[in-house]
Undergrad: 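Have a look at the structure that comes next, please.
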Amino acid sequence: MIEWSKSQIHAFRKTLLDWYDVHGRQLPWRRDHDPYHVWVSEIMLQQTQVNTVIPYYERFMAQFPTVQDLANAPEAKLMKAWEGLGYYSRARNLQRAARQIENEHNGQWPQTAKGLQELAGIGPYTAGAIASIAFNEPVPAVDGNAFRVFARLLEIDLDIVKPQTRLVFERVIGRIMSPERPGDFNQAVMDLGASYMTAKNPDSAHSPVKAFNQAYLDGVEERYPVKSKKPKPVKVAYYGLVIQQDKRFLMQKRPSAGLLANFWTFPLIAEDDVLALSETPELVTDEERLTLLERLVQQELGLAVHVVPMGGKPVKHTFTHRQWLISLLSATVKPDADLSFFPGKWLTSDELEKTALPKVQEKLFTRIYQLGKP
DNA sequence: AAGACGTGGCT
DNA sequence: TAGCCAAGTCT
């Protein structure tokens with residue numbers, strides 16, 4: 001890692017802010033410095049690209065114009081507004097934080113990064129972003145852009161995946177950032193990271209700060225930032241039960257914690273759970289699997305079903321840490337089936353449209369319509 | 001500390 | 001295609 005002199009730091013600030021003043025992006029959440037606007041945009045932008053966020057942000061603000069509107073919003077309406085954005089705990093934490101502000105802070109925002117971090121879903125990055133942009137506090141906002149930009153500028157070779165590395169970057173950036181325009185400085189770093197100093201195919205030759213970019217000057221830009229590899233998603237095979245009567249589907253409500261918490265999906269049965277019913281899983285034939293599956297559904301869900309494969313390759317859906325492979329089965333239950341042990345209910349297409357559904361469930365619907373079953 | 005937690009774009 | 005990446009936080 002290299003270090004800059006005071007004069008270099010001053011020159012860098014001026015170069016970066018002069019560039020930002022002319023070329024900074026005009027984005028919907030940059031129309032003002034309202035903390036609510038900054039906050040909602042920052043939460044949406046976590047692990048999500050700007051172009052994806054823009055339409056969600058506009059719709060969200062139309063539906064929930066103020067913190068109070070958000071605090072009082074029905075859960076279903078909130079989730080519908082977030083549908084498709086992913087990382088759904090962000091939406092639930094958003095509302096929790098809105099209620100914290102209303103109930104614990106008399107509707108007033110904490111105005112420091114330290115205070116903001118007490119709110120649900122606000123970590124060190126988001127706290128720094130809101131504090132600097134909305135309240136002009138001179139604190140760094142270290143996101144993936146800041147890691148990448150400063151790792152290259154200063155040839156910092158610490159692994160950015162390790163939590164302690166953030167502290168080093170915060171210290172370094174805290175010394176470099178403009179005390180007069182902290183919000184603009186942090187946003188300029190993000191714009192730089194999203195334009196010239198991108199992760200793939202950077203264009204540092206034309207970057208306004210190329211003279212400060214040590215990794216570029218040394219021809220080793222590709223090495224930065226140092227980032228250890230994450231494990232591959234684990235494959236998990238499921239049977240998906242398509243159970244319909246009239247124009248309704250029998251849907252299951254997922255547990256209140258974990259992946260896709262509280263969302264409605266077709267009943268999903270792990271293939272491993274089915275095979276576990278056999279003493280010789282490796283010898284089970286396809287036909288026997290279905291018999292075992294029917295037994296398991298009876299035991300675990302209290303449903304007497306008869307299943308028939310719907311054909312086609314399993315529907316594949318990849319999350320950050322799991323890859324689901326879902327084989328669809330058309331299932332029938334008795335018309336007077338006892339649903340008292342079943343964690344779900346019949347949903348009409350009308351109700352389904354008003355309900356937030358995860359992408360994987362939309363994929364399953366797409367598949368069954370392609371198969372022409374309904 | 002390391003894994004959980006979604007989705008879409010790009011190569 | 002499979003894999004990586006995109007304005008992280010929580011446990």
Undergrad: Counting just side-chain N and O atoms, does A:K162 come under 4.0 Å of either OP1 or OP2 of B:dA2?
TA: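 Yes, because at least one side-chain N or O of A:K162 sits under 4.0 Å from OP1 or OP2 of B:dA2.
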
Undergrad: Using atom CD of A:Q47 as one end and atom P of B:dG6 as the other, report the distance to the nearest whole Å.
TA: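 Value for this atom pair: 12 Å.
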
Undergrad: Report which part of the nucleic acid A:V53 touches: base, sugar-phosphate, or nothing (heavy-atom distance under 4.0 Å, all strands).
TA: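 No contact at all - A:V53 keeps every heavy atom at 4.0 Å or more from the nucleic acid.
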
Undergrad: Please report, rounded to the nearest Å, how far the P atom of C:dG8 is from the CG atom of A:N186.
TA: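 Rounded to the whole Å, the gap is 13 Å.
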
Undergrad: Is the phosphate of C:dG8 approached by A:R90 (side-chain N or O, under 4.0 Å from OP1 or OP2)?
TA: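 For C:dG8, OP1/OP2 do not have a side-chain N/O of A:R90 under 4.0 Å.
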
Undergrad: By the 4.0 Å heavy-atom rule, please label A:L85 as base, sugar-phosphate, or nothing.
TA: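 Base contact.
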
Undergrad: Kindly indicate whether the side chain of A:L339, heavy atoms from C-beta on, has any atom under 4.5 Å from the side chain of A:L250.
TA: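 The answer is yes; the side chains approach within 4.5 Å.
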
Undergrad: A:Y88 has an atom OH; how far is it from atom C1' of B:dG6, in whole Å?
TA: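 One finds 6 Å between C1' of B:dG6 and OH of A:Y88, rounded.
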
Undergrad: Can a side chain N or O of A:K359 be found less than 4.0 Å away from OP1 or OP2 on B:dG8?
TA: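 For B:dG8, OP1/OP2 do have a side-chain N/O of A:K359 under 4.0 Å.
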
Undergrad: What's the CG-P distance between A:D143 and C:dA7, to the nearest Å?
TA: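 In whole Å, C:dA7 P lies 6 Å from A:D143 CG.
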
Undergrad: C:dA7 and B:dT11: how far apart are their P atoms, nearest whole angstrom?
TA: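 Here C:dA7 and B:dT11 have their P atoms 16 Å from each other.
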
Undergrad: Would one find a side-chain N or O of A:K232 under 4.0 angstrom from OP1 or OP2 of C:dC4?
TA: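 A:K232 to C:dC4 OP1/OP2: no side-chain N or O under 4.0 Å.
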
Undergrad: By the 4.0 Å heavy-atom rule, please label A:G84 as base, sugar-phosphate, or nothing.
TA: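 Here A:G84 touches the backbone only, sparing every base.
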
Undergrad: With under 30° as parallel and over 60° as perpendicular, where do the rings of A:F319 and A:H317 fit, or are they tilted in between?
TA: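 Aromatic pair A:F319/A:H317 classed perpendicular.
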
Undergrad: Report which part of the nucleic acid A:K230 touches: base, sugar-phosphate, or nothing (heavy-atom distance under 4.0 Å, all strands).
TA: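 Result for A:K230 = nothing.
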
Undergrad: Does A:T126 have a side-chain nitrogen or oxygen under 4.0 Å from the phosphate oxygens OP1 or OP2 of C:dT9?
TA: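 The answer is yes; a side-chain N or O of A:T126 sits under 4.0 Å from OP1 or OP2.
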
Undergrad: For B:dG6 versus C:dC5, give the span between their C1' atoms, rounded off to a whole number of Å.
TA: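 Their C1' atoms lie roughly 14 Å apart.
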
Undergrad: Taking atom C1' in both B:dA1 and C:dC10, compute the distance separating them and give it to the nearest angstrom.
TA: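 B:dA1 and C:dC10 have their C1' atoms separated by 13 Å.
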
Undergrad: NA contact type, A:R92, heavy-atom cut-off 4.0 Å: base, sugar-phosphate, or nothing?
TA: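 Result for A:R92 = nothing.
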
Undergrad: Kindly indicate whether the side chain of A:T320 and the base of B:dG6 share any N or O donor-acceptor pair separated by less than 3.5 Å?
TA: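 Answer yes: a donor N or O sits under 3.5 Å from an acceptor.
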
Undergrad: Check the distance between C:dA6's P and A:Y56's OH and give it to me in whole angstrom.
TA: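 Roughly 20 Å, once rounded to whole Å.
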
Undergrad: Side chains of A:Q214 and A:D218: do they bring a donor and an acceptor to under 3.5 Å?
TA: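 Indeed, the side chains of A:Q214 and A:D218 share at least one donor-acceptor pair under 3.5 Å.
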
Undergrad: CD of A:Q49 versus C1' of C:dG8: gap in Å, rounded?
TA: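 My rounded result for the distance is 15 Å.
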
Undergrad: Distance check needed: C:dA7 P versus A:N51 CG, whole Å only.
TA: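 Whole-Å distance recorded here is 12 Å.
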
Undergrad: Would you call the rings of A:F249 and A:F266 parallel, tilted or perpendicular, where under 30° means parallel and over 60° means perpendicular?
TA: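 Correct class here is tilted.
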
Undergrad: Look at the side-chain N and O atoms of A:H321 and state whether any lies under 4.0 Å from the OP1 or OP2 oxygen of B:dC5.
TA: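 So the side-chain polar atoms of A:H321 do come within 4.0 Å of the phosphate oxygens OP1 or OP2 of B:dC5, strictly under.
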
Undergrad: I'd like the P distance from B:dG8 over to C:dT1, given in whole Å.
TA: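 One P to the other, the span is 16 Å.
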
Undergrad: What nucleic acid atoms does A:R30 come within less than 4.0 Å of, heavy atoms only: base, sugar-phosphate, or nothing?
TA: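 Base: the residue A:R30, judged by heavy atoms under 4.0 Å, touches a nucleobase.
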
Undergrad: Once hydrogens and angles are ignored, does a donor-acceptor distance under 3.5 Å link the base of B:dG8 to the side chain of A:T48?
TA: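 Side chain to base: no pair present.
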
Undergrad: Is a donor on one side and an acceptor on the other found under 3.5 Å between the side chain of A:E288 and the backbone of A:T285?
TA: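 Such a contact is found between A:E288 side chain and A:T285 backbone.
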
Undergrad: Under 4.0 Å between any heavy atoms, over every strand shown, what does A:I133 touch: base, sugar-phosphate, or nothing? Just pick one.
TA: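 No contact.
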
Undergrad: Quick one: label A:Q164 by what it contacts on the DNA or RNA (base, sugar-phosphate, nothing), any heavy atom closer than 4.0 Å.
TA: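 Contact class for A:Q164: sugar-phosphate only.
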
Undergrad: Which whole-number value in Å describes the distance from A:R166 CZ to B:dA1 P?
TA: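 Atom CZ in A:R166 sits about 13 Å away from atom P in B:dA1.
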
Undergrad: Would you say A:R148 reaches C:dC5's phosphate, i.e. side-chain N/O to OP1/OP2 under 4.0 Å?
TA: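 Checking A:R148 against C:dC5: no side-chain N or O falls below 4.0 Å of OP1 or OP2.
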
Undergrad: Check the angle between the aromatic planes of A:W4 and A:F12 and answer parallel, tilted or perpendicular using the 30° and 60° thresholds.
TA: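 Ring orientation of A:W4 relative to A:F12: tilted.
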
Undergrad: One thing to verify: whether A:E271 and A:R289 come together as a salt bridge, which I'm taking to mean a side-chain N less than 4.0 angstrom from a carboxylate O.
TA: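 Yes, this pair counts.
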
Undergrad: How is A:W29 classified with respect to the nucleic acid when contacts are heavy atoms under 4.0 Å: base, sugar-phosphate, or nothing?
TA: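 Result for A:W29 = base.
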
Undergrad: Return no unless some side-chain N or O of A:R322 is found under 4.0 Å from OP1 or OP2 of B:dG3.
TA: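 It does not, given that no N or O in the side chain of A:R322 lies less than 4.0 Å from OP1 or OP2 of B:dG3.
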
Undergrad: Using a 4.0 Å heavy-atom cut-off across all strands, classify A:K363 as base, sugar-phosphate, or nothing.
TA: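 A:K363: no heavy atom of the nucleic acid under 4.0 Å.
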
